[in-house]
2 protein chains.
Amino acid sequence: MNDELLRVLSRPPRERADAARNRARVLDAAARLFTEGGVEALTVDAVARAAEVGKGTVFRRFGDKSGLVAALLDERERRLQERIVFGDPPLGPGAPARDRALAFFDAYLTHLADHLDLVRLSETAAPGARYRVGSYVFWHRHLAILCADRPDPDHLAHVMLGMVDADLNAELREHGYSWDRIRAGVAAAVGALFGPTAAP
Amino acid sequence: MNDELLRVLSRPPRERADAARNRARVLDAAARLFTEGGVEALTVDAVARAAEVGKGTVFRRFGDKSGLVAALLDERERRLQERIVFGDPPLGPGAPARDRALAFFDAYLTHLADHLDLVRLSETAAPGARYRVGSYVFWHRHLAILCADRPDPDHLAHVMLGMVDADLNAELREHGYSWDRIRAGVAAAVGALFGPTAAP
DNA sequence: AACATAACCGGACCAGAGTCCGTTTGTCTA
DNA sequence: TAGACAAACGGACTCTGGTCCGGTTATGTT
């Protein structure tokens with residue numbers, strides 16, 4: 001019984017083969033449905049049907065709809081995360097914090113422009129969904145570290161991320177804002193929030 | 001037929017008596033349900049039943065659930081709006097723009113703290129709901145005017161209002177942020193966004 | 001007072017998210 | 001290879017927001 005204990009403690013609860021297969025099927029089906037019919041076609045029932053899987057399976061694997069969509073975005077976001085951690089400055093390590101933050105928002109807005117509908121769906125599918133998705137936590141920590149010398153970095157990071165809220169930006173777009181205009185506004189605000197540049 | 005034209009042009013499409021009566025009943029029932037069972041008890045069916053009114057009536061009067069909740073908040077918000085337009089400085093006219101903005105956020109955060117659940121409900125009931133509610137438009141215009149001399153006042157106003165997003169602040173509260181901490185963070189950010197104070 | 005009509009009413013109906021639970025299946029041990 | 005059991009399965013079910021439409025009623029005109 002001792003080795004059972006050991007097993008339990010050390011086991012990173014591996015995913016069963018059928019579970020993994022179904023995760024892939026669901027993700028696949030979701031991606032297909034989205035490219036075919038846009039965000040409108042992306043209902044949980046339709047995804048389950050297209051994946052030839054029960055609806056319960058979708059929820060067990062992804063928690064809720066917002067989780068499913070987040071998983072759909074995961075690969076793209078992971079790429080951006082890697083560029084932040086390992087990539088070249090100014091996005092990656094090495095550049096001054098302010099420049100890194102500006103580079104981040106520039107890159108993130110590109111991501112947002114490319115996937116506005118999906119990001120919006122994942123952020124509005126449930127109240128508070130935005131702040132629980134793994135990637136939000138990543139962006140938040142990154143920014144909080146970048147402005148570590150400000151009074152409340154944690155809060156400031158949330159405030160900054162508010163500027164790239166998908167719902168807000170979708171609304172701005174509908175009101176005729178160009179992405180360039182949004183980019184400029186965000187850059188200006190980020191600059192201001194980082195405080196005045198050290199005068200030469 | 002000329003006076004018919006006149007009538008049509010001048011008529012502010014008055015509300016029928018039964019319509020007005022039902023609006024009051026619904027609002028009443030909603031308020032009662034909320035004080036009794038909190039935001040959880042506030043389903044459209046329950047409201048309609050409590051108001052002894054068909055469900056369709058609720059939707060015809062208020063558009064959607066978020067509209068109903070917004071109407072519930074309307075009175076309180078109207079009071080704040082009056083203080084902004086007619087009240088004493090620094091909230092009302094007369095104080096420097098920066099001070100007025102700071103006073104606004106302070107007052108708004110008080111409002112938010114008092115009605116967090118309702119505001120959150122009205123903002124998350126539907127995607128984009130937040131930006132369509134009348135009061136948001138009011139706050140936005142007010143702020144945009146206050147920072148009229150900045151490069152993109154319209155966008156900047158949206159950014160600032162992002163800091164008092166109900167969903168965000170509900171999340172912050174759940175993570176243990178005190179309202180004082182939030183207040184301080186918002187004040188600092190608003191100050192920074194208004195640019196450095198003119199040095200004496 | 002009778003009429004015309006536009007606004008309003010109610011509740012049956014629909015769609016989509018999320019839950020539940022009896023059944024099946026993968027995996028690990030003996 | 002047989003057996004035990006946790007994990008996963010699937011689809012019927014519930015709950016809630018929102019739509020629709022045939023019938024009703026307030027209102028203003030004649």
Side-chain angles (χ1 to χ4, degrees), chain A residues 1-8 10-26 29-30 33 37-70 121-122 124-129, chain B residues 1-8 10-26 29-30 33 37 39-70 121-129:
Chain A
M1 60 224 112
N2 204 334
D3 54 5
E4 189 198 346
L5 185 62
L6 261 173
R7 207 173 348 104
V8 168
S10 63
R11 175 169 36 184
R14 247 189 47 235
E15 194 171 56
R16 244 167 65 169
D18 49 349
R21 174 179 49 92
N22 281 340
R23 147 173 292 124
R25 290 172 81 128
V26 169
L33 280 179
V39 85
E40 197 123 320
L42 215 56
T43 76
V44 178
D45 279 282
V47 170
R49 211 173 323 123
E52 297 180 285
V53 141
K55 195 196 228 187
T57 300
V58 177
F59 282 102
R60 199 171 324 98
R61 278 288 92 69
F62 300 99
D64 60 7
K65 188 178 180 177
S66 118
L68 169 61
V69 179
L121 192 56
S122 90
T124 59
Chain B
M1 60 231 104
N2 204 334
D3 55 5
E4 188 198 347
L5 186 62
L6 262 173
R7 208 176 344 106
V8 167
S10 63
R11 174 171 35 184
R14 246 191 44 237
E15 194 169 56
R16 243 169 64 170
D18 48 349
R21 174 178 50 92
N22 282 339
R23 144 173 293 124
R25 290 170 81 125
V26 169
L33 280 179
V39 84
E40 197 123 320
L42 214 57
T43 75
V44 178
D45 280 281
V47 170
R49 212 174 321 123
E52 297 179 285
V53 142
K55 195 194 222 184
T57 300
V58 177
F59 283 102
R60 199 170 325 97
R61 277 292 87 69
F62 300 99
D64 60 8
K65 188 178 180 178
S66 119
L68 169 61
V69 178
L121 192 56
S122 90
E123 290 186 358
T124 59

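Order of the sequence lines sets the chain letters (A, B, ...), proteins ahead of strands, with each chain counted from 1. Since we're looking at a predicted model, the values are computed, not measured. In what follows, every heavy atom counts, from backbone to side chain, and hydrogens, waters and symmetry copies are set aside.
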### Query
Are OP1 or OP2 of dA8(D) and a side-chain N or O of Thr57(A) less than 4.0 angstrom apart?
no

### Task
Using atom CZ of Arg60(A) as one end and atom C1' of dG22(C) as the other, report the distance to the nearest whole Å.
13 Å

Every protein N/O within reach of nucleotides 13-16 of chain C N/O, cut-off under 3.5 Å:
none

Using a cut-off of under 3.5 Å, enumerate the N/O to N/O pairs linking the protein to nucleotides 3-5 of chain C.
none

### Message
I need the CZ-C1' distance between Phe62(B) and dG18(D), as an integer number of Å.
### Response
16 Å

### Summary
Residue set satisfying side chain to side chain contact (heavy atoms under 4.5 Å, CB included) with Arg61(A), at least two apart, ordered chain then number -> Glu15(A), Ala19(A), Arg23(A)

### Query
Shortest non-hydrogen contact from Leu68(A) to Phe62(A)?
N-CB, 3.7 Å

### Query
To the nearest Å, how far apart are Phe59(B) CZ and dT19(D) C1'?
9 Å

#### Entry: Minimum heavy-atom distance between Ala125(A) and Ser66(A), given as atom pair plus value
CB-CB, 3.4 Å

### Task
To the nearest Å, give me how far apart CZ (Arg49(A)) and P (dA12(D)) are.
12 Å

### Query
Between atom CG in Leu42(A) and atom P in dA17(C), what is the gap in whole Å?
9 Å

### Message
If the condition is salt bridge (Lys or Arg N to Asp or Glu O under 4.0 Å), which residues does Arg16(A) pass it with, not counting sequence neighbours?
### Response
Asp18(A)

Show the atom names and distances, to 0.1 Å, of all donor-acceptor pairs under 3.5 Å that link a side chain in residues 41-53 of chain B to residues at least two apart or in another chain.
residue  : atom : partner  : partner atom : Å
Thr43(B) : OG1  : Ala46(B) : N            : 3.1
Asp45(B) : OD2  : Lys55(B) : NZ           : 3.3
Glu52(B) : OE1  : Arg25(B) : NH2          : 3.4

### Query
With a 4.0 Å cut-off on heavy atoms, is Arg61(A) in touch with a base, just the backbone sugar-phosphate, or nothing at all?
sugar-phosphate

### Query
Within this structure, what is the CD-to-P distance between Glu52(B) and dG11(C), rounded to whole angstrom?
11 Å

#### Entry: DNA chain C contacts made by residues 16-25 of chain A, counting heavy atoms under 4.0 Å
Arg16(A), Ala17(A), Asp18(A)

